[in-house]
Amino acid sequence: MWHTSTGERTLIGAEAMLVKEAITGVAEQIMEESGGYMEQWEYGIDRFDELTLSQRLKLLEQVATHLLTATAETLELTAFCEAAVGAIYEHVLVEVDWEIDDDDRPATRWRSLILAAYAECFGEDQGDPEDDFTLTDATSRDRDEWAHLVECLADNVLWDRDYEMDEFLDAPPETSRMLRRHMGIDDDYYSASACDTISNEAVEDAYRRLASLLE
């Protein structure tokens, strides 16, 4: 269970399917990176990108457990765990980019997953009528439109993007504390540490547990 912007809930249906597929993709990429087959991918989210591969995998397992299963308690929101959620949705956008760029093998799998999740979460209307936003179908190649949909889906889970705020780390303690209280951010939101680095054997075990969870 996750403390989302729309209440404490477990993701279900098409929304859960999209997140499962994205987590699977991130986890598989981590395993390829840990095997030396590719360089460590950066998502443009500092607090996730700075983690070791094993820390990323452990964090994914923790986040997936609370997003996708009815845990007894919600996970405490920290900069690291919310950054991991942000990275999950960034992975969706990466997949959309690859899908659009693949002229040799046209596919709309990821765009179809996004449309299904969006329709489930917000209804059939594709965006606010006040917006200049029209999305026809899964064959659209307009990256801005897809980024808009994915941002809406991410906002349906994340409260905000507090994990992107670095000014709290550089400010004097009293100033940082005052700013956090003014913005309603818990004192330990930024100070909470990520998962500890684990051994190669433990990485394999964590991956198997995560794969089982995502089945």
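Given the structure is predicted, the values throughout are model-derived calculations rather than measurements. Computation of the quantities below employed the complete heavy-atom set of this structure, encompassing side-chain atoms and omitting hydrogens, waters and symmetry-equivalent molecules.
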Working to the nearest 0.5 Å, report the span between CD of E145 and CZ of R111. 11.5 Å
When rounded to the nearest 0.5 angstrom, what distance separates CZ in R109 from CD1 in I114? 11.0 Å
Check whether any side-chain N or O of E33 sits under 3.5 Å from a backbone N or O of W41 as a donor-acceptor pair, and report yes or no. yes
From E32 atom CD to L53 atom CG, the distance as rounded to the nearest 0.5 Å: 11.5 Å
For the ring pair H3 and W159, is the centre-to-centre distance below 6.0 Å? yes
Taking salt bridge (charged side-chain N to carboxylate O under 4.0 Å, His left out) as the cut-off, I'd like each qualifying pair that reaches into residues 81-98, sequence neighbours left out, listed once. D97-R143
One thing to verify: whether E15 and R9 come together as a salt bridge, which I'm taking to mean a side-chain N less than 4.0 angstrom from a carboxylate O. yes
In the single-linkage hydrophobic clustering (I, L, V, M, F, W, Y; side-chain heavy atoms under 4.5 Å), do V157 and I12 co-cluster? no
Are the charged groups of D205 and K58 less than 4.0 angstrom apart, N to O? no
On a heavy-atom basis, the closest approach of S54 and V203 is CB-CG2, 3.6 Å
Is the closest side-chain heavy-atom distance between T24 and E28 below 4.5 Å? yes
If you measure only the distance, is there a donor-acceptor pair under 3.5 Å linking the side chains of D137 and T139? yes
What orientation do H91 and Y43 show, parallel under 30°, tilted 30 to 60°, or perpendicular over 60°? tilted
side-chain contact (heavy atoms from CB on, under 4.5 Å) evaluation trace for V94 with W98: CA-CA 6 Å; V94 170; W98 287 343; 3.6 Å; yes
Where is the tightest heavy-atom contact between A84 and V63, given as atom of each residue plus distance? CB-CG2, 4.0 Å
To the closest 0.5 Å, what do you measure between OG1 (T6) and CG (D155)? 10.5 Å
Within the structure provided, determine whether V85 and Y89 are in side-chain contact (heavy-atom separation under 4.5 Å). yes
Contact between L18 and W110 at the side-chain level, heavy atoms closer than 4.5 Å - yes or no? yes
Just wondering, do R141 and E99 contact through their side chains at under 4.5 Å, heavy atoms? no
Looking only at heavy atoms, which two atoms of L51 and Q40 are closest? And how far apart? O-NE2, 3.0 Å
Please walk me through it: do L11 and K20 pass side-chain contact (heavy atoms from CB on, under 4.5 Å)? CA-CA 10 Å; L11 305 191; K20 281 184 178 182; over 6 Å; no
At what distance, to the nearest 0.5 angstrom, does OH of Y207 lie from OG of S34? 10.0 Å
Could you report the tightest heavy-atom contact between L210 and A27, atom names first, then the distance? CD2-CB, 3.7 Å
Run the side-chain donor-acceptor check on residues 64-71: report pairs under 3.5 Å with partners two or more places apart or on a different chain.
from: T65; atom 1: OG1; to: E61; atom 2: O; distance (Å): 2.7
from: H66; atom 1: ND1; to: Q62; atom 2: O; distance (Å): 3.1
from: T69; atom 1: OG1; to: T65; atom 2: O; distance (Å): 2.3
from: T71; atom 1: OG1; to: M1; atom 2: N; distance (Å): 2.7
from: T71; atom 1: OG1; to: E73; atom 2: O; distance (Å): 2.7

Residue pair L60 / I30, side-chain heavy-atom distance below 4.5 Å: yes
As an exercise, state the distance from CG of L59 to CZ of R47, rounded to the nearest 0.5 Å. 13.0 Å
Residues V150, Y118; criterion side-chain contact (heavy atoms from CB on, under 4.5 Å); working and verdict: CA-CA 8 Å; V150 173; Y118 190 90; over 6 Å; no
Kindly indicate whether the side chain of L213, heavy atoms from C-beta on, has any atom under 4.5 Å from the side chain of R209. no
Go through it in stages, so that I can follow the logic: the residues are C81 and W2, the test is side-chain contact (heavy atoms from CB on, under 4.5 Å), and I'd like the CA-CA distance, side-chain angles, deciding distance and then a yes or no. CA-CA 11 Å; C81 71; W2 194 273; 4.2 Å; yes
Considering all heavy atoms of both residues, which atom of N156 and which atom of C121 are nearest to each other, and what is their separation? ND2-SG, 3.6 Å
For the student: nearest non-hydrogen atoms of I45 and A83, plus distance: CG2-CB, 3.7 Å
